[in-house]
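Scroll down for the structure; my scribbles are underneath it.
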Amino acid sequence: MRELNVNEIREVSGGFGLISAAIGFVVGGASSAMSGGSAGNIASSAFLGAISGMFGGLAGATTGAVRGLSAANSVAFGVASGAAGQP
C-alpha cells in the first residue's frame, strides 16, 4: 500500500458529500410526503435518500471502479428510498 500524493488527496477530498447527503435527505422525505406517506414512510425515505446522496457525492469525486460501485449504490438506495416512501 502506498501513500497518496497531494493531487490524489485533492481528487478525493470531500468525497463523503454532506451536502449531497442533505439534498438526498430532503428529496427523499419530500417525495414521500407528497405521495401521502406516513411518518414512518417519510423517515425511511429521507434516511435512504441521504445514503443515496452520500454515495452519489462519492461517485462524483472518484474514478474507476470506486466511481462505478458508488454510482450503483446511489441508484440502489434511490430505488429503495422510493419504495419505502410508498403509502
CZ-OG distance between F25 and S81, expressed to the nearest 0.5 angstrom | 10.5 Å
Measuring from M54:CE to S70:OG, what's the distance to the nearest 0.5 Å?
-> 8.5 Å
Just by distance, do the side chain of [X] and the backbone of [Y] share a donor-acceptor pair under 3.5 Å?
X	Y	value
S44	G40	yes
N41	A84	yes
S32	G29	no

Show your reasoning for whether side-chain contact (heavy atoms from CB on, under 4.5 Å) applies to F77 and F55.
-> CA-CA 9 Å; F77 279 107; F55 278 115; 3.7 Å; yes
Grab the two heavy atoms, one from S45 and one from G28, that are nearest each other, plus how far apart they are.
-> CB-O, 3.3 Å
